[in-house]
Amino acid sequence: MDKIFVTRSSIPSLDEYMEEIRPVFENHWLTNAGAKHNELRDKLKKYLGVDNLELLVNGHMALEIALEMFGLRSGEVITTPFTFVSTTNAIVRQGLKPVFCDVNDDDYTIDVSKIEELITPETVAIMPVHVYGNICDVDAIEAIAKKHGLKVIYDASHTFGEKYKGRGVADLGDASTFSFHATKVYNTVEGGAIACHSDELEQSIRVIRDFGIVDEETTTMVGPNAKMNEFAAAMGLCNLRHVDSWIAERKEAYDYYMEKLDGVKGIRLNRYHEGIEPNYAYFPIIVDENEYGESRDELYARLQKADIYARKYFYPLVSELDSFNKEYDAKETPVALRLSKEVMTLPMYAGLSKEDIDRIVEVIIK
Ligand SMILES: Cc1ncc(COP(=O)(O)O)c(C=O)c1O
């Protein structure tokens, strides 16, 4: 039987991509804000409904540059450990200190009732994560940030194209960052973007991502190289034509999973809160060992035996990783810690067939 992987990158036909990159072969302009790059940036602004957005080499650099563009060079950033390590790495690599807030049990996003007790005179920003397509309690976060004069930068890597109460997710907070990694709902192979709210910030992204170079003779800061190249942008232009139908295919898979798994004892499913127009990025399940009769790890291993490759995402919890030298105590965020031991994301991608979902469900129900 064929292996079923947790994800499968969505791509255009080879012919479509060849047609898209033909001009690049004609004009020999491969990177540094080429025609494809600029076309993609303008089309994404329209698609995401924002006036200010810049493209980057990946979602990780989007996080780092979003912190840098606000001039946040020291202090504490309140964030969650139930995320991909990139969020925390970005904070640490910018010389800032992550302060971990716990998450909600039902949607895995930051528990807004616990943010204020973590604010100190050193706090400079909040970096919440929209997890699996669930959107944070943005109204409460905005109120807290306003009261305490903090910047809010959303890690929106999981929520490309989503809306909350009719408003595009890219429009939320002081800035939102996106990952266009190959495994995401929308990809440019590798890529990312920052959406923000002023021409000045947009200009500062352009300067930072290009070594700090302002013009031929002027370099104003020590910047990295984080530019998106023309081949990635061309992929992005092709994929943007298809992303709505891919999200519709994901919805079909989501609905079928829900129909089949709803009511299975000990398996909790992800239900989107009201007001969210989801992109169905992931299909997480929470395995309650006592009720299900088997641990997350046991189910994971059984799926693997049946050639079904789920993912323990996010596990281990970021605050438990060796790279942070035991600086954090994962027990301080007990909900996130428990979820990391119970969660698993099932295969989810555009085109996942009902037959494959049946195979996955059969293993879970047994
Ligand atoms: C929540 C989150 N943040 C950040 C990133 C980093 O994005 P990238 O892989 O494009 O650098 C990812 C994805 O990989 C992610 O899922």
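Not measured: the values here are computed from a predicted model. Just follow the structure's listing: the first ligand is 1, and inside any ligand the first atom is 1.
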Output for pair (Glu54 CD, Met228 CE), nearest 0.5 Å, gives 10.5 Å

Do Asn225 and Asp210 have side-chain N/O donor and acceptor atoms under 3.5 Å apart? no

Are the side chains of Ile213 and Thr218 in contact, using a 4.5 Å heavy-atom criterion? no

Residue pairs passing the side chain to side chain donor-acceptor pair (under 3.5 Å) test with at least one member in residues 323-332, sequence neighbours excluded, are none

So, Tyr315 versus Asp297: side-chain donor-acceptor pair below 3.5 Å or not? no

Regarding Lys366 and Glu362, does a basic nitrogen lie under 4.0 Å from an acidic carboxylate oxygen? yes

For ligand 1, would you mind listing the residues that have at least one heavy atom less than 4.0 Å away, ordered by chain and number? Asn58, Gly59, His60, Leu63, Thr83, Phe84, Ser86, Thr87, Asp155, Ser157, His158, Ser179, His181, Lys184, Gly191, Tyr313

